[in-house]
Amino acid sequence: MILVKNPVIALAGNPNTGKSTIFNALTGLKQHTGNWPGKTVLKAEGKFNYKGTTYTLIDLPGTYSLLANSLDEQIARDFICFESPDVTIIVADATCLERNLNLVLQVMEITSNAIVCLNLIDEAKRKRLEVNVEGLSQELGIPVIATSARNGEGIPELLEILHDVVNGKIVPQPRQVVYSKYIEDYISKLQPQLDKRLYGRLNSRWVALRIMEGNPKIIEAIQQYLGHSIQLPTLKEVII
Amino acid sequence: MIKSSLPSKPKKILVDSDNSKAIEMRDAIVYNIYNTAEEIASKVVRKTESKDFSRKLDDILTSPLLGFPVMLLLLGVVFWITITGANYPSQVLATVLFWLEEQLSALALKAGAPAWLYGIIVEGMYRTLAWVVSVMLPPMAIFFPLFTLLENLGYLPRVAFNLDNLFKRAGTHGKQALTMSMGFGCNAAGVVACRIIDSPREKLIAILTNNFVPCNGRFPTLILLSSLFMGTITAGSYNSYSAAGMVVLMILIGITVTLIVSWLLSKTLLKGIPSSFTLELPPYRPPKTGEIIVRSLLDRTAFVLTRAIIVAAPTGFITWLCANIQIGDLSIIGHVSGFLDPFARAIGLDGVILMAFILGLPANEIVVPILIMSYLSAGAMLELDSLMAVKELFIEQHGWTALTALNTMLFSLLHFPCGTTLWTIAKETQSKKWAVLAFVIPTTIAIIVCFLVAQGARLLGIG
Amino acid sequence: MSEVKIIPLAQLPIRSWGKVHSLLAKDDSRRRLMDLGLVPGTRVEAIRRSPLGDPTAYSIRGATIALRKEEAQKVLVIPTER
Ligand SMILES: Nc1nc2c(ncn2[C@@H]2O[C@H](COP(=O)(O)OP(=O)(O)OP(=O)(O)O)[C@@H](O)[C@H]2O)c(=O)[nH]1
Ligand SMILES: [Mg+2]
């Protein structure tokens, strides 16, 4: 249960999936939208009320993954990974679900308070694609709402689910990617070490995976977030 | 089937250097995630074969034969609609606003307001505002909905796709075409859009050259001047096709200069090879026409009006003062423009034009209004109540030739970016140095180009 | 085992298909290609070239993505049937 007074909700997702359109639909603001990846490069903030709760909604730049390079993608990554929004709505393009799931699965490794908003459902219909929304929700373990944000379809349902997640009526149980055995072995060695040092400030499984990848930029970002009093273990330390 | 192509356990992982071990693991992690995604998607998505509309459209819009002609044609059509469409509302706005000025004058006269107060408020601030609104607003209000329609259709990434090879040869990033497109709206926005370019070197090049696409504050100037230019060379009977053609030509010049300067920068100051470039081409989406027109009209109108009030009114105030405070036997404007005149003439302008550009640093929208005001204060004509009168003022009273119009257009296209853009550049690059360069580079180029054109034309005996 | 032909993606003829074999790209560039869905086993179709010959648009996991030749050179594919 989240039970915060003024929940902060992040809109994450691949580029050009309709995040800003959903942001506008929910807040009534006028974020610029456009049919090309990279329209939003700055974080935007808006507020809305639903059933007596004031929500703060954050529109983020689109990103293909959480291990990004460019400044706009870093903004998205840093917010999702380090600002711990109360709920993250992942906006996915229903017309190419598979590639969007890449990000969905990554976000689900960081936070369990995630909702998938399966947008552009009208376009999927036009392309004769059928997505089993209920089935997807079961596979992922988190709520999935089909929307056609530009036409306002599915927005009331999205609000209702958001409300339920915030109030603890629905507790998402995100499915975790199971990695190859040797990776899982390393994770299970790293995780206890991390749990001792992180005090729950970051998901230890996620941090373990980043340490194994050894991407200096990400490690640096994590280290910066944690502050220098906390020393991350290295992979070598644990394996040997 | 897919699993077989990646070994489930990497070879010699602990013997290898740290780095390659990490890479293997990195790959395996991404691979596992994609596998899971594939597995889930295959369970929940059902696909029936259907024809791909976007692909059909791309067969035309990005075809080797038609890609470029269609691009030019679209640009031309957009400007033609803008020019013809803006004509009438401009006239109406001018009529209404100058009728209002008369009422204000009558009111001031009745109240017995002193001449200087009347001058500052009506002739200075109100008039500048009125010119900004009637000359600048209509073209913007038409151009923007059109441009936004193309943007929402999904055409911009195709432009980037078509042009990328040119940018690659100039040593820059293909997404620069996208940031340039944003520059059409506003160069400051174009500069911020450069965040989508991940290589710092190419981002800087895109930032420093963004100014060579005319922003919304400049293309009404270009439109006005192209009709002037066409008017002078076709003996008064200009038509909207040639004027649109002229604006398109200006934009092509802007793109060419962008490519040349980018190339020079990537060979000197910002040396390097192009970094990786990937660009998603989204499916075309039929835009919500009505909504877009209403939204961009309202947003633009609000934006231009606020900006007009914030910038134009004070500038009008200052310009009026400069036009009316006499030092010796000349107004301040007279002194300043007289001082600038020899240099300005060498680059095919005149002192007043150059001064208007300098005073227009806060916002490009006010360059033409300042020009009009300064000319009015120096000339015989006192009333200026229609757009036709602008042409008379420029051509008959201040000796504009086709060359003056052309060089003013070129200078407007190539000169320093507005104050807001410079400030944005300083902020985005976190350095004053780049902001200074962003001022110096375009200005130098504008001067060189205008000088060459002016001298060339004079050598050939034209202009 | 029969011989498998492996070619760079850049050499995949237009309107033909291939299956990603491996990536030669390193660091950020590798990361970016993988984020776009180019991992071993992914099926790719070369759709069209830009009017100026480069870049080329590919269909990758349901999206159309343009890659410059330099990038496509760093992806190895096995040509396949549709
Ligand atoms: N047909 C259809 N189009 C939509 C829908 N939602 C958004 N769009 C369109 O999709 C395009 C992209 O929408 P944006 O809201 O700008 O997407 P975004 O996710 O914010 O994009 P970035 O900021 O670039 O990451 C726009 O042209 C929208 O009008 C929808 O439900 N149906
Ligand atoms: Mg957006």
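Each chain gets a letter, A, B and so on, in the order its sequence line appears, and its residues count up from 1. Everything numeric in this text was worked out from a predicted model, so none of it was measured.
- Contact of the C:D54 side chain with the C:E70 side chain is registered, since non-hydrogen atoms from C-beta on lie closer than 4.5 Å.
- Under 3.5 Å, the side chains of B:S181 and B:E151 contain no donor-acceptor pair of N or O atoms.
- A side-chain donor-acceptor contact under 3.5 Å links B:R201 to the backbone of B:L270.
- Across B:E280, B:R158, B:K168, the residue that shares the most heavy-atom pairs under 4.5 angstrom with chain C is B:K168.
- Taking non-hydrogen atoms and a 4.5 Å limit, the residue list of residues 11-18 of chain C in contact with chain B, ordered by number, reads C:R15.
- The interface of residues 71-79 of chain C with chain B, defined by heavy-atom distances below 4.5 Å, comprises C:E71.
- Within a 6.0 Å radius of NZ in B:K288, other residues, nucleotides and ligands contribute more than 12 heavy atoms.
- A salt bridge links B:E428 with B:R195: the closest approach of a Lys/Arg side-chain nitrogen to an acidic carboxylate oxygen falls below 4.0 angstrom.
- In this structure, chain C has heavy atoms under 4.5 Å from both the backbone and the side chain of B:L166.
- Using a 4.5 Å cut-off between heavy atoms, C:R49 touches chain B through its backbone atoms (N, CA, C, O) alone.
- For B:K175 and B:D164, the salt-bridge test fails: no basic side-chain N is under 4.0 Å from an acidic carboxylate O.
- For B:T36, the side chain to side chain contact (heavy atoms under 4.5 Å, CB included) partners are A:L105, A:R175, A:V177, B:I40, not counting sequence neighbours.
- Chain B is approached within less than 4.5 Å, heavy atom to heavy atom, by C:T56, C:A57, C:R61, C:A63, C:T64, C:I65, C:A66, C:L67, C:R68, C:K69 from residues 56-69 of chain C, ordered by number.
- The contact between B:F277 and chain C is made by backbone and side chain atoms together, counting heavy-atom distances below 4.5 Å.
- Although no hydrogens or angles enter the test, the distance criterion places a donor-acceptor pair under 3.5 Å between the side chain of B:T172 and the main chain of B:F167.
- Listed options C:S22, C:G37, C:G53 were ranked by heavy-atom pairs under 4.5 angstrom with chain B; first place goes to C:G37.
- Contacts between B:T278 and chain C at a heavy-atom distance below 4.5 Å involve backbone atoms as well as side-chain atoms.
- Salt-bridge formation is detected for the pair B:D198/C:R32: a Lys NZ or Arg NE/NH1/NH2 atom is positioned less than 4.0 Å from an Asp or Glu carboxylate oxygen.
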